[in-house]
Number of protein chains: 2
Amino acid sequence: MNDNTRRNMPLFPISIVMKLTELSARQIRYYEEHDLIHPARTEGNRRLFSFNDVDKLLEIKALLEQGVNLAGIKRVFELNEQAVNILQAGHQMQAKKEVSDSAIHRRLKRELMHAGRFGKTSLIQGELSRFFH
Amino acid sequence: MNDNTRRNMPLFPISIVMKLTELSARQIRYYEEHDLIHPARTEGNRRLFSFNDVDKLLEIKALLEQGVNLAGIKRVFELNEQAVNILQAGHQMQAKKEVSDSAIHRRLKRELMHAGRFGKTSLIQGELSRFFH
DNA sequence: ATCTTATGTCATAAAAGCTCACATGTCAAT
DNA sequence: ATTGACATGTGAGCTTTTATGACATAAGAT
């Protein structure tokens, strides 16, 4: 099980996410409705959020506070993911060639993953991020 | 917010803990009834488990599989906590004296925290432990 | 054979979450 | 000033999840 898997593991009910992000249930559901997050569901249709989901919600919150609207935030996310994909592809190529100065690449990828959270992230996000590596 | 605080943050509903530990709700509640864990509660009285709780449950499971009964497990936990306290005290003394070869001490403390999980821990625990530092 | 320990199962009640619908505050454009 | 879009609040009705408590039982210990 790798880091990505762990960050995407569905763990939290909405009540916990509300506290972690200081968002209302309405807000969280609204952002999902607009395809900014895609929490998993239990068999009984209850939302289950991963660390990644929480992270994204904090990013949404920060961007909204900076005046970006949901459409803009969606774009930010898309671009971010593209960049990550490109880096991953490069990373895999390297792995096959066994060149593997992968440490540098991993670092770059991480920085990209966290791009968009330019500085002014909430305290909570700062704290939460420490759950990860 | 320090590492300890984070590990003790109430996050998971019992359903998630069931999957994480592969224990039944009955088992989890039974262990609580016998004071092996003390999950937090929501206002509405639902259990909320922390990473530490999950960790403890995995340890309980491992020890049970090794034939230790609940009374024995309780003792193991108590001894473990004692040791941690002693180390912490020493650590604080050092901090005041500003001697601070604290890295070594932290390491020792961590190893003690994880003592009792001698080797044969479950796969899941191994995976889960990677959430932490 | 009986007791203890750990766990399963079921009933009942309450909490938490879901969707849908309607209301509202804030801007920007007309 | 009016309209409209966006983001969010609120409430009703319903379903899922969890809690507690009681009773049942398998496996060991006495």
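Worth knowing before you read on, the calculation uses all heavy atoms, side chains too, and leaves out hydrogens, waters and symmetry mates.
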Can you name the atoms? Protein N/O to nucleotides 4-6 of chain C N/O, anything below 3.5 Å, with the distance.
{"unit_1": "C/dA6", "atom_1": "OP1", "unit_2": "B/Leu70", "atom_2": "N", "d": "2.9"}

Under 4.5 Å between any side-chain heavy atoms of [X] and [Y], yes or no?
X: A/Leu48; Y: A/Ile14; result: no
X: A/Leu36; Y: A/Lys74; result: yes
X: A/Pro10; Y: A/Ser50; result: no

ask   = A/Val17 pairs by side-chain contact (heavy atoms from CB on, under 4.5 Å) with which of A/Val54, A/Leu11, A/Asp53?
value =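 Result: among A/Val54, A/Leu11, A/Asp53, A/Val54 is the only option passing the side-chain contact (heavy atoms from CB on, under 4.5 Å) with A/Val17.
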
task = For the pair B/Glu59 and B/Lys56, evaluate salt bridge (charged side-chain N to carboxylate O under 4.0 Å, His left out) and give the outcome as yes or no after the intermediate values.
result = CA-CA 5 Å; B/Glu59 191 167 343; B/Lys56 268 190 159 183; over 6 Å; no

ask   = Hey, what's the ring geometry for B/Phe12 with B/Phe51, parallel, tilted or perpendicular (30° and 60° as the breaks)?
value =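 Aromatic pair B/Phe12/B/Phe51 classed perpendicular.
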
ask   = Roughly how far, to the nearest 0.5 Å, is OH of A/Tyr31 from CG of A/Leu23?
value =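 It is 5.5 Å, given to the nearest 0.5 Å.
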
Nearest whole Å is fine: how far is [N] [atom2] from [X] [atom1]?
X: A/Ile60; N: D/dC6; atom1: CD1; atom2: C1'; answer: 15 Å
X: A/Phe12; N: D/dT17; atom1: CZ; atom2: C1'; answer: 18 Å
X: B/Glu33; N: C/dG8; atom1: CD; atom2: P; answer: 14 Å
X: A/Glu43; N: D/dT18; atom1: CD; atom2: P; answer: 12 Å

task = Quick one, give me the B/S/- string for nucleotides 17-23 of chain C, reading 5' to 3', where B means a protein heavy atom under 4.0 Å from the base and S means that only happens at the primed atoms, P, OP1 or OP2.
result = BSB----

message = Does a side-chain N or O of B/Thr42 approach OP1 or OP2 of C/dA15 to a distance below 4.0 Å, or not?
response =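 Checking C/dA15 against B/Thr42, no side-chain N or O comes under 4.0 Å of OP1 or OP2.
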
Heteroatom pairs (N/O) under 3.5 angstrom, protein to nucleotides 28-30 of chain D:
none

Check against salt bridge (charged side-chain N to carboxylate O under 4.0 Å, His left out), B/Glu32 and B/Arg26 = CA-CA 10 Å; B/Glu32 180 189 17; B/Arg26 181 68 165 92; over 6 Å; no

inquiry  = Donor-acceptor pair, distance only, cut-off 3.5 Å: does the side chain of A/Gln27 make one with the backbone of A/Ser24?
reply    =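 Yes; at least one donor-acceptor contact below 3.5 Å.
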
request  = Could you walk me through whether A/Asp3 and A/Arg6 pass the salt bridge (charged side-chain N to carboxylate O under 4.0 Å, His left out) test, one step at a time?
outcome  = CA-CA 5 Å; A/Asp3 194 64; A/Arg6 260 172 279 130; 3.3 Å; yes

key: Side-chain ion pair, B/Asp55 and B/Arg7, N-O less than 4.0 Å   =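 Result for this pair is yes, salt bridge flagged.
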
